[in-house]
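Step one of this worksheet: look at the structure below.
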Amino acid sequence: MKRFALIALPYSWLLALFLVPFLIVFKISLSDTALAIPPYTPNLDLSAGWQGIKDFFAGLDVENFTFLTTDSLYWKAYLSSLKIAVTSTFLTLLVAYPIAYGMSRAPDEWRPTLMMLIILPFWTSFLIRVYSWKAILAQEGLLNQVLLALGVIDTPLTILNTNTAVYIGIIYTYLPFMVLPLYAALEKLDETLLEAAEDLGCTRMKAFWLVTLPLSKQGIIAGSFLVFIPVMGEFVIPTLLGGSDTLMIGKVLWEEFFSNRDWPVASAVAIILLLILIVPIVLFIKTEEKEWEGET
Amino acid sequence: MRKLSWFNLTSLTFGFAFLYLPMIVLVVYSFNSNKLVTVWAGFSTKWYGELFRNEAMMDAAWVTIRVALASSTLATVLGTLAAYVLVRGGRFHGRTLFSGMLYAPLVMPDVILGLSLLLLFIAIGLDRGLLTIILAHTTFSMAYVAVVVTSRLVAFDRSLEEAALDLGCTRFEAFRLVTLPIIAPAVISGWLLGFTLSLDDLVIASFTSGPSSTTLPIKIFSAVRLGVSPEINALSAILIGIVSVGVITASLISKRAIAKRIADENRATP
Amino acid sequence: MAVAPHKPRPNPNQNVFAPWDDPDAVPLIRFKNVSKRFGDFTAIDDLTLDIYEREFFALLGPSGCGKTTMMRMLAGFERATEGTITLGGQDMGGIPPNERPVNMMFQSYALFPHLSVWDNIAFGLKRDKLPKDKIEARVSEMLRLTRLEQFAKRKPHQISGGQRQRVALARALAKAPKLLLLDEPLGALDRKLREETQFELMDIQEKTGTTFVIVTHDQEEAMTVASRIAVMDHGKIIQVDTPARVYEQPSSVYVADFIGDVNLIEGVYTRPTPERGEIAYAEGEPPIAVDPVDGITIGTRVTYAIRPEKIRVSREEPDDRANRAFGKIIDIGYLGNTSTYHVELSTGQMVKAAMTNASRIARREFTWDDEVWLSWRETAGVVLAK
């Protein structure tokens, strides 16, 4: 009985504040917009008895989802988010791998410091880290000043408010999420394996492709999930660094909700996003659970 | 001793430069007297003064700290409990659903979490304010606490708990006297993680806050949405400073603890 | 089926500790038809066993044989699926570990890393809400017993492996349990320290008069410390006996093979006269002469088990032994104190014979390819029907 109480407390918390909210989102995505508070109909009126329940279900329809398919803004936003998420995950991996590799090959007494240096930005405000690029990438910003002074360019580059700025922002803020799992995988790698590969006739490059890379697969997978999934729904980076033509679904959802106050459509947008992400999320939890809870 | 190859040294140098330059630039600009942030006009601390005189900003900071304290504490209790149940609870009905719900917020986009929680609060008629933000933050911080505590519990020799039972403890005493002191470092870092996540969150707070409970990230966001602001630079510099001091102190403490441990172990082998 | 060797004779010398031979002795622990199943897996299979007070009892077997499960049932961490376990006459089923007069020394020692040596030892006493001075006196006593006085203030990671082992022992003994369980207590120590510690354990067991039950997979350790050994396999007890009887009179091929080195020769049992038994094991070789065994049907296949050290190697054909065989030395294992000779008989059978290296002179008596005689008495081996 005591055991039951222990499980019940966190369990019911998650049911009430995680699962039930999703059901509500789902329900509202099937409702109609209304000029009311809350701004959607129908509402479940239990005092009207059976008739109330019947009216409630009769009022639900998939109109909002149909709307999403007819207006090209939405599917373009989904596609564009997907493209940005995939590309930036790959770019983050390219930037993170040499860093993680260098860390794992660093002398033992350096490692705690290097680790601390990777973790420190992780604890620093995400918002501030994104914001910090505004002053660098702006037309009159630091990057352009430096490049002009060096004579590399004659006219300032336009980077801020473009997709390039969004990519830079994503790589920058999500870098620790990629480096940490990669480092964890590479650190475990036994260096004698590489020596063995070279002893058996591999060049260093070949040994990297045939031994190091396959053995760091776990880290690559975990890091990619940790970047890809949240970036799909990213709102802050495209809003602060992107331009008017930067289409990302997180931004669309936000505007639909706060500016247009169309809650049913915003809910439908969220449901579709969730459907896209459910497979990667489940895969991520399945693979990581073993890591966290130990394989028993 | 191992030496770094040129390749590794270069990638580390560039990597860390990339990570740190923007923050350093931000801190430097916070001391710029010019209102045009990127045009240097001399050293000044006037933006810090302006920041502290900005009452709306100070109010928001106070709200944020209260939310972070409350939600990280709640999340630590619930997350530790959840981790204990998952690692020690054996099999129970709905275990997969439980761990799925627990871990999903780690990667779930904030916009989805924020939207769904807001719709819940409206559906049950809960007015948006401090309480709703705390509830929302607790839910996602719980996941982080659970991950940190779980990995500590897994590494923990189960016979320690059995030894406590064998020596006359009840299950609760075994948890209080043996398990909790040993997993304490993980519980503390879980709390800290929850605290910073709460301090940092913009999206979920935007959905779940009411007019009287604006948090600092919401204030920062509305200030920087259209451009750079010297006051926000000063605020950022302060936050970066606090985090740096905290993280560096923590790593020095753990470094010293490790060194002491190694020394102890050398002394122990006769 | 097992062949009963000699009937255990009631010991005429009352000073020798052997309550298991005394029909009036009441056992401290009784396993009665105990089974334990984990899902489909049967860890303990209908097992019945008595353990007496002041015994140093060893559960010996390969990993997965059920010995750890038995210990965990005694400690209260597992409940028997069927059958009863009684301690001092009281049924232990349903009594949680914290209410049993039983303490355990864990394989990993399970010392609380956040507590000092002193607090580790006092941990169980504090749970009993003893007055402070009583606790202090008892902890000091335990520290003295295990020679840990100067380490009282240290944390577990600040002491050596052997000292940790002694802290674990002191902690488990502090509550003066009726029964002390030791789960592979010496497994983490290196060989030399392990041997020293075995004698220390026996000494402490004798001083405190506590009943010890030890789980081990190391047969030498079991032989050294135990008053009786239970050899286990697949959840069943194969034989329970004193170390000497387990070694000299194994009840089955499994026990003979598990404990020590042994030659196993298969053959057919015959009994030409009531006073003489024989085992025919190979065409053209004279049968092995053995003491006659009651209860084995003439003409059945049996296994003859003989320890290598019971076989003598000689160059000349000996005439003082009932059994002789001629062969060639194929291999020699030099172990320092003894040498083991692998001798191939003319029938192709390989037989191991061990000889003590009594003299230090490097001149070896026998070498590879030497043709030698092996000889042994009719009482040297055991006839096993299974």
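Letters go in sequence order (proteins before strands), and every chain restarts at 1.
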(request) Using non-hydrogen atoms and a 4.5 Å limit, figure out which bit of Phe112(C) sits close to chain B: side chain, backbone, both or neither. (result) both
(message) Report which part of Arg100(C) has an atom under 4.5 Å of a heavy atom belonging to chain B: side chain, backbone, both, or neither.
(response) neither
(request) Sort out for me which of Gly162(C), Ala168(C), Gly124(C) touches chain B most, counting heavy-atom pairs under 4.5 Å. (result) Gly124(C)
(request) May I ask you to test the Phe106(C)-Leu160(B) pair for a side-chain heavy-atom distance under 4.5 Å? (result) no
(message) Would you say CZ of Phe92(B) has more than 12 non-hydrogen atoms from neighbouring residues, nucleotides or ligands within 6.0 angstrom?
(response) yes
(request) Using non-hydrogen atoms and a 4.5 Å limit, figure out which bit of Leu111(C) sits close to chain B: side chain, backbone, both or neither. (result) backbone
(message) Is it the case that atom CZ in Phe14(B) sees more than 12 heavy atoms from other parts of the structure closer than 6.0 Å?
(response) no
(request) Considering non-hydrogen atoms only, spot the tightest contact between Ser159(B) and Ser108(C) and give its length. (result) OG-OG, 2.8 Å
(message) Could you report the tightest heavy-atom contact between Arg127(C) and Cys169(B), atom names first, then the distance?
(response) CD-SG, 3.2 Å
(message) Is it the case that over 12 heavy atoms from other parts of the model lie below 6.0 angstrom from the CZ atom of Arg152(B)?
(response) yes
(request) Considering non-hydrogen atoms only, spot the tightest contact between Ala163(B) and Arg171(C) and give its length. (result) CB-NH2, 3.4 Å
(request) Please flag which part of Ala164(B) lies under 4.5 Å from any non-hydrogen atom of chain C: side chain, backbone, both or neither. (result) both
(request) Return yes if some donor-acceptor pair links the side-chain N/O of His157(C) with the main-chain N/O of Ile262(B) below 3.5 Å, else return no. (result) no
(message) Out of the candidates Asp128(C), Asn120(C), Asn103(C), only one should pair with Leu167(B) under the side-chain contact (heavy atoms from CB on, under 4.5 Å) rule; please name it.
(response) Asn103(C)
(message) As an exercise: rank Thr170(B), Ile182(B), Leu165(B) by heavy-atom pairs under 4.5 Å with chain C and give me the winner.
(response) Leu165(B)
(message) At a 4.5 Å cut-off on heavy atoms, which part of Glu173(B) comes close to chain C: side chain, backbone, both, or neither?
(response) side chain
(message) Go through it in stages, so that I can follow the logic: the residues are Arg72(C) and Glu162(B), the test is side-chain contact (heavy atoms from CB on, under 4.5 Å), and I'd like the CA-CA distance, side-chain angles, deciding distance and then a yes or no.
(response) CA-CA 10 Å; Arg72(C) 292 175 62 82; Glu162(B) 288 183 342; 2.6 Å; yes
(message) So does Asp166(B) get a backbone contact from the side chain of Asn98(C), meaning a donor-acceptor N/O pair under 3.5 Å?
(response) no
(message) Using a 6.0 Å cut-off, check whether atom CZ of Arg95(B) has over 12 heavy atoms from anything other than its own residue.
(response) yes
(message) Quick check for you: among Pro113(C), Pro96(C), Ala75(C), which has the greatest number of heavy-atom pairs under 4.5 Å with chain B?
(response) Pro113(C)
(message) Is it true that, when you exclude Arg37(C) itself, more than 12 heavy atoms of the residues, nucleotides or ligands shown sit nearer than 6.0 Å to its CZ?
(response) yes
(message) Within this structure, what is the CD1-NE2 distance for the pair Ile183(B) and His114(C), rounded to the nearest 0.5 Å?
(response) 11.0 Å
